[in-house]
J.: 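Below: one structure in structure tokens.
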Amino acid sequence: MSNMAIVPGSRWVMKIRYDGHFDIAGNSVASEIPGAFSRHTFFCWNPSDVGKENVYRLANTFMGKLTADNIIIFIKTCIFYPFPPHGSCIPQEIHLPVEIAPFHSQLQNFFSVFPSPFSYKIDNAEHTCEQNTQLRLIFRNGMERANRLKNDGNAAYHSKDGLKAADAFHEAGNCVKDLLEQNLDKSEREMARRFLAICYANRANVWLLPGSLMDLRRCVEDAIKAEDSDPSYSKSYIRQARGYQGLGEFDKAMDIIARALSREDLMYDVDLVKSLLVLQTDGKGLPQTREEMEEWKRKILAGDVASAKRMKSVPTNGAWYRKVEGHCTNICRERG
């Protein structure tokens with residue numbers, strides 16, 4: 001370590017994020033569950049790099065309790081094996097988070113072999129506020145870049161350049177996935193997850209374009225990823241249904257939409273209702289006579305076993321029933 005040169009004036013900031021407790025399969029669980037272990041993600045960056053594309057010098061995840069050993073391993077990796085394009089070096093100063101305070105004596109011994117004029121500081125609560133300000137800036141800049149890439153993808157899609165659109169949506173999603181590795185506040189995390197869902201759903205739409213690029217299975221896969229990113233985003237279900245519809249798996253397509261409409265936050269979504277009705281009427285629209293309409297309702301809600309089971313999950317006070325009952329009322333008025 002003493003043979004490596006210090007970069008004059010350089011300063012690194014380190015942050016530790018607690019990610020929760022997990023079981024051996026990697027599922028998030030309560031801390032009191034037997035066998036559960038904690039997970040932390042360590043970040044290191046140079047404040048002068050904030051706003052650049054490759055802001056992080058390193059980000060690593062550690063399982064189990066915080067220890068002096070995994071903190072020292074992370075710092076060594078920051079020095080010798082950082083993310084490209086960063087090179088190996090020692091900073092003149094490193095700011096460490098308050099979580100490191102219990103391991104001060106071990107870190108003192110570790111830092112004692114560093115060349116002069118190296119120094120370190122364990123931050124207090126006041127300095128943590130400064131770090132949070134820097135993280136907010138990272139988030140804002142990252143979202144701006146992701147949005148530019150998404151807009152490029154939209155433009156390519158409308159120009160029928162599917163490959164370029166898919167690449168742009170992929171890159172936009174990667175930007176947001178990097179941001180989700182940070183210690184975001186609740187509103188930022190929700191915003192980022194919705195944006196990631198949009199990117200996946202948009203890419204799913206690319207695979208529906210006619211031509212050699214059409215790939216209905218990939219459409220379904222990307223749409224499922226969109227749902228996983230934000231289950232309240234209705235287009236993720238619509239794209240899944242479109243993919244299954246193209247594959248001739250109509251029951252699966254209707255099951256997906258019905259499942260979405262069963263959600264309290266999506267039960268009034270008119271686009272979901274429209275998609276389900278297209279499938280339920282084979283694209284012909286609702287019947288135009290009272291007798292045909294009553295027969296169709298009996299089939300959908302009771303006569304067809306699979307359909308009846310599916311519709312049990314759709315709230316009777318939701319948009320699907322309102323649409324159907326409204327149509328019945330209009331038929332009666334026209335005939336009255």
Side-chain angles (χ1 to χ4, degrees), residues 51-56 59 83-85 138-182 184 188-257 259-260 263 266 269-272 274-276 278-279 283:
K52 296 180 181 178
E53 182 175 347
N54 301 293
V55 62
Y56 286 121
F83 290 156
I138 291 172
F139 176 77
R140 187 187 71 189
N141 291 340
M143 288 300 297
E144 287 177 354
R145 180 170 183 270
N147 199 53
R148 286 196 297 270
L149 286 164
K150 180 176 72 70
N151 290 341
D152 289 345
N154 289 336
Y157 175 84
H158 290 301
S159 299
K160 308 301 181 185
D161 190 341
L163 193 58
K164 184 177 179 180
D167 287 342
F169 293 138
H170 175 75
E171 290 302 318
N174 281 345
C175 280
V176 178
K177 283 190 275 189
D178 288 342
L179 292 176
L180 285 166
E181 292 296 321
Q182 299 181 30
L184 305 179
E188 289 171 338
R189 186 163 293 278
E190 289 175 352
M191 184 189 304
R193 297 202 70 85
R194 170 54 66 94
F195 192 95
L196 183 57
I198 291 170
C199 291
Y200 278 130
N202 283 3
R203 193 171 67 178
N205 211 29
V206 170
W207 309 129
L208 292 170
L209 285 172
S212 60
L213 204 62
M214 178 182 281
D215 191 329
L216 298 173
R217 288 293 177 194
R218 289 183 75 177
C219 169
V220 171
E221 289 169 4
D222 273 347
I224 290 173
K225 290 177 183 177
E227 180 188 349
D228 291 341
S229 298
D230 185 353
S232 66
Y233 185 54
S234 64
K235 286 186 179 179
S236 65
Y237 304 95
I238 293 170
R239 301 282 155 76
Q240 286 180 62
R242 288 280 308 280
Y244 281 126
Q245 184 180 2
L247 291 165
E249 299 181 46
F250 299 102
D251 279 337
K252 276 190 178 181
M254 287 186 280
D255 287 344
I256 292 292
I257 301 297
R259 177 163 58 79
R263 291 179 57 92
L266 292 175
D269 191 288
V270 294
D271 290 329
L272 287 169
K274 180 179 178 181
S275 296
L276 184 54
V278 166
L279 290 162

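Because the structure is predicted, anything quoted here is derived from the model rather than measured.
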J.: Scan the side chains in residues 229-237 for donor-acceptor partners under 3.5 Å anywhere in the protein, sequence neighbours excluded, and list what turns up.
T.:
residue: Ser229; atom: OG; partner: Lys225; partner atom: O; Å: 2.9
residue: Asp230; atom: OD1; partner: Ser232; partner atom: N; Å: 3.1
residue: Asp230; atom: OD1; partner: Ser232; partner atom: OG; Å: 2.6
residue: Asp230; atom: OD2; partner: Arg194; partner atom: NE; Å: 2.5
residue: Asp230; atom: OD2; partner: Arg194; partner atom: NH2; Å: 3.3
residue: Ser232; atom: OG; partner: Arg194; partner atom: NH2; Å: 3.0
residue: Ser234; atom: OG; partner: Asp269; partner atom: OD2; Å: 3.2
residue: Ser236; atom: OG; partner: Tyr233; partner atom: O; Å: 2.7
residue: Tyr237; atom: OH; partner: Pro231; partner atom: O; Å: 2.5

J.: Of the non-hydrogen atoms in Ala146 and Cys175, which two are nearest, and what is the gap between them?
T.: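 Nearest pair, atom of Ala146 first, then Cys175: CB-CB, 3.8 Å.
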J.: Taking it one step at a time, do Asn205 and Tyr157 satisfy side-chain hydrogen bond (donor to acceptor under 3.5 Å, both in side chains)?
T.: CA-CA 9 Å; Asn205 211 29; Tyr157 175 84; 3.1 Å; yes
J.: Is the shortest side-chain N to carboxylate O distance from Glu188 to Arg193 below 4.0 Å?
T.: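 Arg193 and Glu188: not salt-bridged.
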J.: Walk me through it: do Glu171 and Lys150 pass the test side chain to side chain contact (heavy atoms under 4.5 Å, CB included)?
T.: CA-CA 8 Å; Glu171 290 302 318; Lys150 180 176 72 70; over 6 Å; no
J.: Does NZ in Lys177 sit with more than 12 non-hydrogen atoms of other residues, nucleotides or ligands closer than 6.0 Å?
T.: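 Result for NZ/Lys177: enclosed.
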J.: Suppose we screen for side chain to side chain contact (heavy atoms under 4.5 Å, CB included). Which residues come up paired with Met143, at least two apart in sequence or across chains?
T.: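 Met143: side chain to side chain contact (heavy atoms under 4.5 Å, CB included) contacts with Phe139, Val176, Leu179, Met191, Phe195.
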J.: Among Ile257, Asp271, Leu272, which residue satisfies the side-chain contact (heavy atoms from CB on, under 4.5 Å) criterion with Leu266?
T.: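 It is Leu272, the one option of Ile257, Asp271, Leu272 that forms the side-chain contact (heavy atoms from CB on, under 4.5 Å) with Leu266.
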J.: Show, in sequence, the C-alpha distance, side-chain angles and deciding distance for His158 and Asn154, and conclude whether the side-chain hydrogen bond (donor to acceptor under 3.5 Å, both in side chains) test is met.
T.: CA-CA 6 Å; His158 290 301; Asn154 289 336; 5.6 Å; no
J.: Going from CG on Leu149 to CG on Asn151, what distance comes out if it is rounded to the nearest 0.5 angstrom?
T.: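 Going from the CG atom of Leu149 to the CG atom of Asn151 covers 9.0 Å.
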J.: Roughly how far apart are Leu196 CG and Asp228 CG, rounded to 0.5 Å?
T.: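 Going from the CG atom of Leu196 to the CG atom of Asp228 covers 10.0 Å.
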J.: Taking distance alone, no hydrogens or angles, what donor-acceptor pairs closer than 3.5 Å link side-chain atoms of residues 242-252 to residues at least two apart or in another chain?
T.:
residue: Glu249; atom: OE1; partner: Lys252; partner atom: NZ; Å: 3.2
residue: Glu249; atom: OE2; partner: Arg217; partner atom: NH1; Å: 3.4
residue: Glu249; atom: OE2; partner: Arg217; partner atom: NH2; Å: 2.9
residue: Asp251; atom: OD1; partner: Arg310; partner atom: NH2; Å: 3.2

J.: Would you give the length of the straight line joining atom CG of Leu276 to atom CD1 of Ile256, rounded to the nearest 0.5 angstrom?
T.: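 Between atom CG of Leu276 and atom CD1 of Ile256 there are 11.5 Å.
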J.: According to side-chain hydrogen bond (donor to acceptor under 3.5 Å, both in side chains), who are the partners of Arg263, at least two apart in sequence or on a separate chain?
T.: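 Residues passing side-chain hydrogen bond (donor to acceptor under 3.5 Å, both in side chains) with Arg263: Asp265.
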J.: Does any non-hydrogen side-chain atom of Arg145 lie less than 4.5 Å from one of Asn141?
T.: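 Result no, sub-4.5 Å side-chain heavy-atom pair not found.
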J.: Say you draw a straight line from CG of Asp167 to CG of Asp152; how long is it, rounded to the nearest 0.5 Å?
T.: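 Between Asp167 CG and Asp152 CG, I get 11.5 Å after rounding to 0.5 Å.
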J.: Considering all heavy atoms of both residues, which atom of Tyr56 and which atom of Phe83 are nearest to each other, and what is their separation?
T.: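 So the two residues come closest at O-CD1, 3.8 Å.
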J.: Please enumerate all residues that pass side chain to side chain contact (heavy atoms under 4.5 Å, CB included) together with Ala166, with sequence neighbours excluded.
T.: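 Listed in chain order: Arg203, Val206, Trp207.
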J.: Which heavy atom of Ala156 sits nearest a heavy atom of Ala165, and at what distance?
T.: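 Closest heavy-atom pair between Ala156 and Ala165: CB-N, 3.6 Å.
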J.: Say you draw a straight line from CG of Leu208 to CG of Leu216; how long is it, rounded to the nearest 0.5 Å?
T.: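 Spacing of CG (Leu208) from CG (Leu216) equals 6.5 Å.
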J.: According to side chain to side chain contact (heavy atoms under 4.5 Å, CB included), who are the partners of Ala223, at least two apart in sequence or on a separate chain?
T.: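 Result, side chain to side chain contact (heavy atoms under 4.5 Å, CB included) vs Ala223: Ala204, Arg239, Gln240.
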J.: Nearest 0.5 Å, please: how far is CG in Leu209 from SG in Cys219?
T.: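 Taking SG in Cys219 and CG in Leu209, the distance rounds to 10.0 Å.
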